[in-house]
Amino acid sequence: MAVQNEFEQKRSKTLRWGYLFTGFAFVLFVVFLGRILVLQNTNVQEIKDDYINKNYREATLKAARGNLYASDGSILATTVMRYDVYLDFKIIKDTVYSNNIGPLTDSLSKMFGKPRSYFRDRFDQQKKVKNQYYSLVKGLDFDDYDRIRQFPIFKKGKNRGGFIVDRNYKRELATTQIGAGTIGMDNEVAKSGLEGAFSKYLTGTDGSRLEQRVNSSQWKPIDYWKVNEPIDGQDVYTTIDIRIQDIAHSALEKQLINFDADHGSVVVMEVSTGKVKAMVNLRRTEPGIYVDAYNYALKDATEPGSTFKTVSLLAAMDDGFIDENTTVNVGNGVWTYAKQRISDGHGGGTYDISDVLAKSSNVGSAKLITKFYADKPQVFLDHLRRWKMFEKMDIELPGISKPYIVTPEDKRWNAATLASLAYGYSSRFNLLQLTTFYNGIANKGKMLKPLFIEKILKDGRTLYEAKPQVMVNKMASPKSISLMTSALTQAVEKGTARSIFTPNLKMAGKTGTARFEYWKPGPAKYQASFAGFYPSDNPKYTCIVMINQPDNSKGFYGSTVSAPVFKEIAGKTFLKTPQNIEQEMLVDKKADLSKMIAPQVKVAVKQNQMPKVTGQIGKNVIPQLENQGYRVDYKGVGKIREQFPLEGTIIKKDQRIYLQLQN
């Protein structure tokens, strides 16, 4: 009986617990079912907006722009890594903090030159409020970042030392030989220069990452969840030759200072390819100080003055109206045509065609062009159209100006306009367009498109290599081109540019002196120029020099102001040895270039060990490492001074390698 009662009690207890569990499960099911019904009738977007979007966001990870190089591989602009350091005081244990805060503040005091108390007071306060994203310092380079991360507490890393690093990219010019105006920029608002021209190649593909809100103004990256890694941009090699650029810059700057001019510009083009080897633009900011801040060569269209006589006379040569026997009587150097007074600065009498150019005769040019084209100006203008002189040049660089020529359809056209055109007025061109025309004559009548890009590389592989592009295959007959080349050569040997004549180098060119804003009261304003090529018997380079608003009391003619700059550039680029070469490299006053070229050393990662690369030339080593699958961050140019990881360190594919170059 007692046993039966005991059995009944256990059975009753078991049933009771079974009923309770069943009831609990039923209630849980009802709650769960109710929750489903609630969620089905709830605005999910509202939840997302109220919580997720307010506390998490997808942030952009900027891609590094590719490097911009000169034609010889010298870096013009590069992207360098900068490091922002934040601290998470909540994650740092109290014992770790109290045991190490003294040595940490000592280290920070030495690094930043501030007293220990400066850091101690701030850190104690942030530790007290458990700040999870305190901004310590921004914009560190790799050397300083590598130093600070070894400090007490920080060396424990993010999860124990609260050391948070945010990496950013900064664009820096790597050379002072080319100014900021020529290199340009792309700040996502405006584009200019080489940077703006090649931005579509240099710009990589941005990535993204998830960030969590820390407070009302700060967001903390969630490192373990990166949505998309950025893809760095391509490397662009420009046509700019650092040595020629340096020569042109120095020659122009010196002359601008000598004549106290407002601004000036130089363009040097390689005859056979159309590659622009130098482009210098200097503007006065204060007496004796000139900076490269605006691209006059592309952006300013001005009346060319006498440098345009080459254009107008070549048209008449090509039509057969002018040959080596042509003469024109300029009288006493003054002529009135269609009620317009035209005068020469000097000379008189009868000129042959070489004299018209050599002595830069306005009267001679105007008489010849009006004689042959007064009744049919469109025939003359058709030559200019065929030479693309009505068209805005199709080049990569942004901001190039459109040319302007007065035509019979223009309301400004009158009976005297054709005469004005003949000697360089009633038209406006930028310097690059005139350089391209002169380069066509130097290239035996084949006009080439100006090139600014040499090649494009990605991870050491050549994706694109520029080839010469023909704009006009035959500007004029071979006889006309030869006659014009001879006349331009005589302009240097016996004409207005004879002051720059040298028997060691045959040069061909034309001076230009254009007065502008002549309708305004006050002192006359002049633009002096010289356009030509060298050596004239086998042209290699075309060069144009413009100097604007020289001090009139010191001189304003192209022959005295601009031509000497052309001569210096020609002499130093073609005759003399490169600048800045050490004396031991010179043998019989010639450069031993073999001593300037470092041997190519092969660099290979063997058994996953970092090789020694210090002492090697950076531009030789970096592509080799990248081709083997490693990501290389570097600063400076020249030889590698420091490397991280160190030699012998085990490294993995896709690991970043940091290199510090000489400067």
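The model shown is predicted, which means the values in this text are computed figures rather than measured ones. Values below: every heavy atom of this structure, side chains too, minus hydrogens, waters and symmetry copies.
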Handout entry: Flag if over 12 foreign heavy atoms under 6.0 Å of NZ, K554
Key = yes

Practice task
Could you tell me whether the side chain of T238 and the main chain of Y69 form a donor-acceptor pair under 3.5 Å?
Solution key: yes

Fill in the blank from the handout: In this structure, OG of S486 is separated from CD of E324 (nearest 0.5 Å) by 9.0 Å

Problem - Plane angle bin for Y541 and Y534 - parallel if under 30°, tilted between 30 and 60°, otherwise perpendicular - result: tilted

Handout entry: S482 side chain vs P478 backbone, donor-acceptor pair below 3.5 Å
Key = no

Handout entry: Closest approach of L313 to S365 (non-hydrogen atoms, all atoms of both residues)
Key = CD1-OG, 4.4 Å

Practice task
State, to 0.1 Å, how close P398 and K299 come at their nearest heavy-atom pair, and which atoms those are.
Solution key: O-CE, 4.4 Å

Exercise for the section: Starting at CE of M475, measure out to CG of D318 and round the result to the nearest 0.5 Å. Expected result: 9.5 Å

Handout entry: For S306 against K510, the heavy-atom pair lying closest together
Key = O-CG, 3.5 Å

Completion exercise
Taken to the nearest 0.5 Å, the spacing of S312 OG from L384 CG works out to 8.5 Å

Exercise for the section: Return yes when atom NZ of K494 has more than 12 non-hydrogen atoms of other residues, nucleotides or ligands closer than 6.0 Å, and no otherwise. Expected result: yes

Exercise for the section: Indicate whether the side chain of S559 and that of R498 have a donor and an acceptor atom separated by less than 3.5 Å. Expected result: no

Practice task
Could you check if a side-chain atom of F429 sits within less than 4.5 angstrom of a side-chain atom of F437, using non-hydrogen atoms only?
Solution key: no

Exercise for the section: Mind jotting down which residue pairs meet the ring-ring contact (aromatic ring centres under 6.0 Å, His included) criterion with at least one end in residues 250-291? Sequence neighbours excluded, please. Expected result: H263-Y296

Exercise for the section: May I ask you to test the I353-M317 pair for a side-chain heavy-atom distance under 4.5 Å? Expected result: yes

Fill in the blank from the handout: Of all heavy-atom pairs linking A466 and I453, the shortest is CB-O, 3.1 Å

Exercise for the section: Find out whether D72 and D241 are in side-chain contact, i.e. whether some heavy atom of one side chain is under 4.5 Å from a heavy atom of the other. Expected result: no

Exercise for the section: Hey, could you give me the OH/CD1 distance between Y423 and I369, rounded to the nearest 0.5 Å? Expected result: 13.0 Å

Exercise for the section: Measure from the ring center of Y464 to the ring center of Y201 and say whether it is less than 6.0 Å. Expected result: no

Exercise for the section: Tell me, with the steps shown, if R65 and S199 meet side chain to side chain donor-acceptor pair (under 3.5 Å). Expected result: CA-CA 8 Å; R65 283 174 71 86; S199 195; 3.2 Å; yes

Exercise for the section: Starting from the C-alpha separation in whole Å, work towards a yes-or-no answer on side chain to side chain contact (heavy atoms under 4.5 Å, CB included) for K309 and V356. Expected result: CA-CA 9 Å; K309 290 171 183 170; V356 174; 5.7 Å; no

Problem - Test item: P287 and D260 side chains (from C-beta on) under 4.5 Å apart, heavy atoms - result: no

Fill in the blank from the handout: Residues V330 and D344: closest non-hydrogen pair is CB-OD2, 4.3 Å

Problem - Heavy-atom side-chain contact between E303 and Q527 under 4.5 Å - result: no

Problem - Distance-only side-chain donor-acceptor flag, T273 / E270, under 3.5 Å - result: yes

Fill in the blank from the handout: Contacts satisfying side chain to side chain donor-acceptor pair (under 3.5 Å) that involve residues 389-401 (not counting sequence neighbours) are S401-N430

Practice task
Determine, stepwise, if the pair S71 / T239 fulfils side chain to side chain contact (heavy atoms under 4.5 Å, CB included).
Solution key: CA-CA 5 Å; S71 59; T239 59; 5.6 Å; no

Exercise for the section: Mind running side chain to side chain contact (heavy atoms under 4.5 Å, CB included) on M447 and N439 for me, showing each step along the way? Expected result: CA-CA 7 Å; M447 182 187 291; N439 197 72; over 6 Å; no

Practice task
Mark yes or no for whether K275, through its side chain, and P450, through its backbone, hold a donor-acceptor pair below 3.5 Å.
Solution key: no

Problem - Value rounded to 0.5 Å, distance of CD in Q616 from CD1 in I640 - result: 7.0 Å

Problem - Shortest non-hydrogen separation from R284 to A261 and the atoms involved - result: NH1-O, 3.2 Å

Exercise for the section: Give a yes or no on whether the backbone of A297 and the side-chain of N281 come within a donor-acceptor separation of less than 3.5 Å. Expected result: yes

Practice task
Find the distance between CE (M279) and CG (L432) and round it off to the nearest 0.5 Å.
Solution key: 7.5 Å

Exercise for the section: Would you sort out whether E493 and K506 count as a salt bridge (charged side-chain N to carboxylate O under 4.0 Å, His left out), showing the intermediate values? Expected result: CA-CA 9 Å; E493 294 179 353; K506 291 179 73 68; 3.1 Å; yes

Exercise for the section: List the steps and the verdict of side chain to side chain contact (heavy atoms under 4.5 Å, CB included) for T436 and K388. Expected result: CA-CA 10 Å; T436 302; K388 313 296 183 185; over 6 Å; no

Problem - Check: G558 main-chain N/O paired with T513 side-chain donor or acceptor under 3.5 Å - result: yes

Problem - Side-chain H-bond candidate by donor/acceptor type, D262 with N548, under 3.5 Å - result: no

Problem - Between D300 and T302, a side-chain donor and acceptor under 3.5 Å - result: no

Practice task
Find out whether Q255 and V545 are in side-chain contact, i.e. whether some heavy atom of one side chain is under 4.5 Å from a heavy atom of the other.
Solution key: no

Exercise for the section: For residues L488 and F533, determine if any side-chain heavy atom of one lies less than 4.5 Å from a side-chain heavy atom of the other. Expected result: yes

Exercise for the section: For the pair S536 (side chain) and A508 (backbone), establish whether a donor and an acceptor sit closer than 3.5 Å, ignoring hydrogens and angles. Expected result: no

Handout entry: Contact check, side chains of S562 and T511, non-hydrogen atoms, under 4.5 Å
Key = no

Practice task
Give a yes or no on this: more than 12 heavy atoms of other residues, nucleotides or ligands lie within 6.0 Å of atom OH of Y557.
Solution key: no

Handout entry: Flag for K567-T502: side-chain donor and acceptor within less than 3.5 Å
Key = no

Practice task
Only counting residues at least two apart or in another chain, list the ones meeting side chain to side chain donor-acceptor pair (under 3.5 Å) with Q549.
Solution key: none

Exercise for the section: Please indicate whether K446 has more than 12 foreign heavy atoms, meaning atoms of other residues, nucleotides or ligands, lying under 6.0 Å from its NZ. Expected result: no

Handout entry: Residue pair Y438, T310: steps toward the side chain to side chain donor-acceptor pair (under 3.5 Å) verdict
Key = CA-CA 8 Å; Y438 273 81; T310 304; 2.7 Å; yes

